[in-house]
S.K.: 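Before we start, here is the structure in question, set down as structure tokens.
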Amino acid sequence: MSKIISYRPDIDGLRAVSVFLVILFHVDLSLCSGGYVGVDVFFVISGYLITSSINKQIHNATFSFKEFYLRRIRRIIPVLVFVLVSITIPAYLFLFPNDFESYSRTVLHTMLSTNNFYLWSASTDYFAENTELMPLLHTWSLSVEEQFYFVWPIVLVLLHRFLNLKNRVYVIAVFLMSTLLLSIYLTAEDKSMAYFLLPARFFEVLMGALLAIVWDKIPKLSKSSNHTLSVLGILLVFIPSILLTEESVFPGLNAFWPCLGAVFLILSGKEERSKGIINRILELRSIVFLGLLSYSMYLWHWPIIVFIKYLGFELTLPLIMIIITATILVSYFSWKFVEQPFRRVFKFTFSKTIYIIFLPSLLVTGLIYGIIDSNDGFPNRFPNLVEFNRKSNFPDEVRSDCYNTHSIGSSTPCAVGVVKNEVDGILIGDSFANHSTYFVDVLAKDANLFFDVSAAAGYPLLRNLDFPDSSGDDYGKKRFEYAKHMDIICIAAFWEAIRVDSENYYQILKSIKELVALKKNVVIIDHLRMTTEANVHKMKLYKTNLGADFVKKDLLVPRYERPEKYIVNEIKKRFPSVIIIDLNDVMCDEEVCDYMINNQIVYRDFYHLNISGARLIAKKYLEKKGNPLRFLK
């Protein structure tokens with residue numbers, strides 16, 4: 001086997017370029033709206049370097065799985081755990097309970113190399129607004145790389161054992177094309193799956209791997225050819241980083257081009273004497289130095305950005321410069337005093353490494369998760385945010401034995417109002433009926449009524465046809481038939497989710513028409529205007545006096561116009577006998593809606609109510625509008 005350059009400073013320079021593209025994207029620099037392609041360049045580099053190393057060792061009959069994974073553990077885990085433990089301190093200080101709980105899960109999943117699966121299974125969109133508040137969102141890419149490290153050495157050893165070079169190249173090339181096509185397909189079918197999981201990213205590391213496999217067979221290029229190749233390579237990296245956006249189809253074909261650029265840049269630096277011009281630039285000491293820090297910089301930069309955003313500060317240019325400077329400084333510290341010692345000094349045998357590094361790291365991250373999760377994110381850290389105590393103030397938690405159980409019929413523990421021998425009516429609907437339980441309870445007690453409750457996600461009245469449920473419609477139909485035997489039928493649902501003129505829209509109108517024809521007392525509860533997750537977060541910051549200063553009027557919820565044929569308006573128009581209880585009537589003026597009553601935030605998230613909020617709105621409704629249920633006895 002001919003010589004492979006043992007150390008390529010220009011590749012470290014390329015790492016520096018990659019990490020800065022990611023950082024500039026994460027600080028919301030508009031000029032780098034596609035800077036996330038820096039991660040794809042990292043994948044190509046990893047594929048090339050890992051395959052080069054394994055290939056060389058197999059040829060020299062020195063490859064050992066133990067040694068391979070030993071180097072991976074020393075390279076990845078010590079500094080990773082150092083960062084995880086370090087950022088848990090500000091996470092404890094600043095993250096609100098639900099976010100702190102979520103953080104603890106990502107700590108453990110990061111250590112287990114499964115954070116990409118966790119984020120995908122949690123239906124997380126990498127570019128969604130709420131992901132800006134997740135300090136470990138970025139470690140999905142570490143999970144992808146580590147999963148590749150588990151698979152690829154085994155595949156490569158088998159290919160070497162059973163195939164000659166020519167056939168190995170054919171097999172890897174076919175695999176590369178297949179996984180590229182798979183990435184294109186998955187990106188169209190499930191963007192979140194394609195973004196987070198290895199199958200849609202495999203072609204990227206394979207591009208680097210294939211380059212390493214054919215390295216010795218690549219003819220020597222002239223200096224002018226390498227110059228051209230290097231310039232083309234850097235353009236293929238930079239142009240997507242400028243043109244792509246969060247809305248772009250990705251990964252798929254859009255990820256292929258920056259990966260190809262990375263391949264060109266690695267190739268154009270193959271010959272020491274005829275390296276491309278960009279490779280020479282990438283070898284500048286300052287750039288190489290940043291490349292050496294790239295792993296630590298990648299780990300540190302996003303938590304720093306998240307905590308600043310979490311506290312409500314806008315990323316101005318001076319603040320961006322502070323973020324970059326702070327990232328470099330803490331990265332140098334962790335590189336100098338954690339990365340380097342564990343790679344160069346603290347070299348142990350495989351078994352000793354497991355006992356001294358891996359198992360203690362797993363124990364520490366497991367404890368972080370277990371302690372935080374078992375204490376529900378330590379809600380007592382924010383005593384003035386009792387409305388966000390999940391176990392005592394979130395309807396889906398408190399009514400977990402009643403909500404989403406698809407039970408039908410009178411059940412005293414789940415009923416509300418004044419307990420009697422027989423119920424007077426029923427509250428039905430979806431998750432909005434579940435939180436409206438506490439609103440109806442206040443009104444029912446005031447009117448001396450007893451209400452059964454039957455609420456399940458996806459069932460506003462019957463089954464929500466806009467979101468088909470594979471379990472069928474039996475529950476919705478049985479619940480509706482049961483409701484027909486009641487004098488009073490309250491319906492609370494996520495009405496804004498009902499698409500105008502859809503099949504679901506007309507099904508609901510038809511069902512209400514049937515109830516009206518039966519001379520039932522139908523009551524529709526119209527929900528509050530929605531806000532945003534970011535605004536709810538600012539509400540918490542404002543109330544706790546944490547972080548940036550906010551003016552309350554800027555946090556008020558706009559009373560936006562609903563469509564002309566909004567279903568509640570249509571019900572009101574078609575069926576005058578139906579009673580409409582509009583929560584907005586007591587929370588809003590003509591332009592904005594308040595989000596607090598008696599200094600208590602009423603929202604649980606950007607559209608649901610918490611328990612105390614539902615009760616406070618009910619009391620306010622009684623004061624301002626009276627009780628429409630009193631007239632339905």
S.K.: Could you tell me whether Arg201 sits above the aromatic face of Tyr195, with NZ or CZ closer than 6.0 angstrom to the six-membered ring centre and within 45 degrees of the axis?
M.R.: yes
S.K.: Quick test of your reading of the model: are Glu314 and Lys309 salt-bridged, counting only N-O distances below 4.0 Å?
M.R.: no
S.K.: Looking at every non-hydrogen atom in both residues, tell me the closest pair between Tyr295 and Glu339 and how far apart they are.
M.R.: CD2-OE1, 3.9 Å
S.K.: Check whether any side-chain heavy atom of Ser53 sits under 4.5 Å from a side-chain heavy atom of Arg71, and report yes or no.
M.R.: yes
S.K.: Between Met207 and Cys259, which heavy-atom pair has the shortest distance, and what is it?
M.R.: SD-CB, 3.5 Å
S.K.: Under 4.5 Å between any side-chain heavy atoms of Tyr118 and Ser102, yes or no?
M.R.: yes
S.K.: Ignoring hydrogens, what is the shortest heavy-atom contact between Leu163 and Val171? Give both atom names and the distance.
M.R.: CD1-CG2, 3.6 Å
S.K.: Over all heavy atoms of both residues, which pair between Thr110 and Thr139 is shortest? Give the atoms and the distance, please.
M.R.: OG1-OG1, 2.7 Å
S.K.: Quick one: sort the Phe100 and Phe378 rings into parallel, tilted or perpendicular, breaks at 30° and 60°.
M.R.: tilted
S.K.: Verify the ring-centre separation between Tyr69 and Tyr149: is it less than 6.0 angstrom?
M.R.: no
S.K.: Report the relative orientation of the aromatic rings in Trp302 and His26; use parallel for angles under 30°, tilted for 30 to 60°, perpendicular for over 60°.
M.R.: tilted
S.K.: Hey, can you tell me if Phe202 and Phe148 have their rings parallel, tilted or perpendicular (30° and 60° cut-offs)?
M.R.: perpendicular
S.K.: Please state whether the rings of Phe289 and Trp335 are parallel, tilted or perpendicular, taking 30° and 60° as the class boundaries.
M.R.: perpendicular
S.K.: Ring centres of Tyr369 and His109 under 6.0 Å apart?
M.R.: no
S.K.: Is any side-chain heavy atom of Asn167 closer than 4.5 Å to a side-chain heavy atom of Leu159?
M.R.: no
S.K.: With side chains defined as the heavy atoms from C-beta onward, is the minimum distance between Val157 and Phe65 less than 4.5 Å?
M.R.: yes
S.K.: Using side-chain heavy atoms (C-beta onward) and a distance below 4.5 Å, is Phe20 in contact with Ile324?
M.R.: yes
S.K.: Just so I know, are the side chains of Ile278 and Ile281 near enough to count as touching, which here means a heavy-atom distance under 4.5 Å?
M.R.: yes
S.K.: Side-chain contact, heavy-atom cut-off 4.5 Å: Leu80 with Leu142?
M.R.: yes
S.K.: Taking all non-hydrogen atoms of both residues, which atom of Asp10 and which atom of Gly269 are closest, and how far apart?
M.R.: OD2-CA, 3.9 Å
S.K.: Students often mix this up, so state it plainly: with edges at 30° and 60°, are the rings of Phe337 and Phe333 parallel, tilted or perpendicular?
M.R.: tilted
S.K.: As a test of understanding, state which of Tyr36, Tyr298, Trp300 forms a ring-ring contact (aromatic ring centres under 6.0 Å, His included) with His138.
M.R.: Tyr298
S.K.: Between CG of Asn55 and CG of Asn60, what distance do you get to the nearest 0.5 Å?
M.R.: 10.0 Å
S.K.: Using 30° and 60° as the class boundaries, would you call the ring planes of Phe63 and Phe68 parallel, tilted or perpendicular?
M.R.: tilted
S.K.: To the nearest 0.5 Å, how far apart are CG in Leu165 and CD1 in Ile213?
M.R.: 7.5 Å
S.K.: Determine the minimum heavy-atom distance between Ser104 and Ile368, stating which atoms define it.
M.R.: CB-O, 4.1 Å
S.K.: Quick test of your reading of the model: are Glu272 and Arg280 salt-bridged, counting only N-O distances below 4.0 Å?
M.R.: yes
